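Worksheet: one structure, shown below.
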Amino acid sequence: MELFDAIHSQRAIRRFSDEPVPDELVRKILDAAIRAPSGGNRQPWSFIVVTDTDVKLELGRFYKESWDQGGLSKMASDADPSTARVYTSAQYLAERMGEAPVLVLACIETGGGDTTITTGSSIYPAVQNLMLAARGLGLGTVLTTIHKGREAEVKALLGIPANLETAALIPMGFPGEGERFGPTRRVPVDKVAHRDRWGGAL
Ligand SMILES: Cc1cc2nc3c(=O)[nH]c(=O)nc-3n(C[C@H](O)[C@H](O)[C@H](O)COP(=O)(O)O)c2cc1C
């Protein structure tokens, strides 16, 4: 697939078909993820690929608890029309996270200290590579973070060492019925880019 086609059509896919994802595709996607840049080339990432049904269901349960605890079900039902689509889709996923064919938990080594946007951000180029590579292979993904409300439980379930922080839980699978890749709806470049100084027209 052409790179720009992948970039323009990669979007949040939250409904998956039951079709299994071959292991060689998962490996290829992770091999793309680890090509990403990181601060000092420290490559502080680890990825836990979860395909075991019981473990996925348990992760899904933590995700849903955290979703409910954050009052997101209520926000979903109260959402105005401009955000309702995202919330409806996110609610659908919150109820079925554990049923996705594959769950990838992206973790970052933090040394046990407090994570900042600088120390923690080395995971995101890898996550974006992962999602773009998946798109290139016809697989849908979405970056999610709601599980963070159950960080300790997730780490205990998967035996993740103390010096690692979980960063993103990424369900992966072939798009389910009614799901489609992009085009995405985004604020245009001219509204977010400036030349030479803030407000300078590009
Ligand atoms: C940092 C970050 C955190 C996100 N967390 C969640 C999440 O917890 N659950 C979820 O369903 N989607 C989550 N998303 C997905 C966004 O809602 C989605 O990328 C955005 O609405 C754009 O969707 P689109 O590409 O389909 O237009 C997250 C995205 C980012 C970048």
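Excluded from the calculations below are hydrogen atoms, water molecules and symmetry mates; all remaining heavy atoms, backbone and side chain alike, are included. Count residues from 1 along the sequence. Note that the structure is a prediction, hence the values are computed from the model and not measured.
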- Query: Tell me, which pairs form a side chain to side chain donor-acceptor pair (under 3.5 Å) where one or both residues lie in residues 181-197, sequence neighbours left out?
  - Reply: none
- Among residues two or more places apart or on two chains, list those pairs meeting side chain to side chain donor-acceptor pair (under 3.5 Å) that have a residue in residues 20-36.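 Every pair satisfying side chain to side chain donor-acceptor pair (under 3.5 Å) with a residue in residues 20-36: D31-R35.
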Tell me, please, which residues at least two apart from [X] pass side-chain contact (heavy atoms from CB on, under 4.5 Å).
{"X": "S17", "answer": "E19, F174"}
{"X": "E2", "answer": "F4, D5"}
{"X": "P37", "answer": "P125"}
{"X": "T116", "answer": "T118, T119"}

What side-chain donor-acceptor pairs closer than 3.5 Å can you find for residues 92-102, not counting sequence neighbours?
{"unit_1": "E95", "atom_1": "OE2", "unit_2": "Q91", "atom_2": "NE2", "d": "2.7"}
{"unit_1": "R96", "atom_1": "NH1", "unit_2": "Y92", "atom_2": "O", "d": "3.0"}

Please determine whether residues [X] and [Y] belong to a single hydrophobic cluster, defined as Ile, Leu, Val, Met, Phe, Trp and Tyr linked transitively by side-chain heavy-atom distances below 4.5 Å.
{"X": "L139", "Y": "I170", "answer": "yes"}
{"X": "L130", "Y": "F181", "answer": "no"}
{"X": "V104", "Y": "L137", "answer": "yes"}
{"X": "I29", "Y": "I123", "answer": "yes"}
{"X": "L103", "Y": "M172", "answer": "no"}

Can you name the closest pair of heavy atoms from [X] and [Y] and give their distance?
{"X": "V127", "Y": "A106", "value": "CG2-CB, 3.9 Å"}
{"X": "A168", "Y": "L143", "value": "CB-CD2, 3.9 Å"}
{"X": "A12", "Y": "V142", "value": "CB-CG2, 3.6 Å"}
{"X": "I160", "Y": "C107", "value": "CD1-SG, 4.0 Å"}
{"X": "A134", "Y": "T141", "value": "CB-CG2, 3.7 Å"}
{"X": "A32", "Y": "N129", "value": "O-ND2, 2.9 Å"}

- Any pair with a residue in residues 48-70 that passes ring-ring contact (aromatic ring centres under 6.0 Å, His included), sequence neighbours left out, goes on the list, sorted by first then second residue, please. none
Is there side-chain contact between [X] and [Y], with at least one heavy-atom pair below 4.5 Å?
{"X": "L164", "Y": "T110", "result": "no"}
{"X": "P183", "Y": "R11", "result": "no"}
{"X": "R14", "Y": "V86", "result": "yes"}
{"X": "I34", "Y": "L30", "result": "no"}

With a 3.5 Å cut-off and sequence neighbours excluded, list the donor-acceptor pairs that the side chains of residues 41-51 form with protein atoms.
{"unit_1": "N41", "atom_1": "OD1", "unit_2": "Q43", "atom_2": "NE2", "d": "3.1"}
{"unit_1": "Q43", "atom_1": "NE2", "unit_2": "N41", "atom_2": "O", "d": "3.3"}

- Once you round to the nearest 0.5 Å, how far does CD of E179 lie from CZ of R15?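 It is 6.0 Å, given to the nearest 0.5 Å.
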- Task: Check side-chain hydrogen bond (donor to acceptor under 3.5 Å, both in side chains) between K56 and all other residues, then give those that pass, not counting sequence neighbours.
- Result: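 Listed in chain order: nothing, the list is empty.
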- Item | side-chain hydrogen bond (donor to acceptor under 3.5 Å, both in side chains) against Q128, all qualifying residues, sequence neighbours excluded | none
- Query: Is the CG atom of D80 crowded by more than 12 outside heavy atoms at less than 6.0 Å?
  - Reply: yes
- Query: Can you list every salt bridge (charged side-chain N to carboxylate O under 4.0 Å, His left out) pair that touches residues 127-156, not counting sequence neighbours?
  - Reply: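 Those involving residues 127-156 are E65-R150, K148-E151, K148-E165.
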Mark yes or no for whether [X], through its side chain, and [Y], through its backbone, hold a donor-acceptor pair below 3.5 Å.
{"X": "S121", "Y": "I117", "answer": "yes"}
{"X": "T144", "Y": "L169", "answer": "yes"}
{"X": "S66", "Y": "I146", "answer": "yes"}

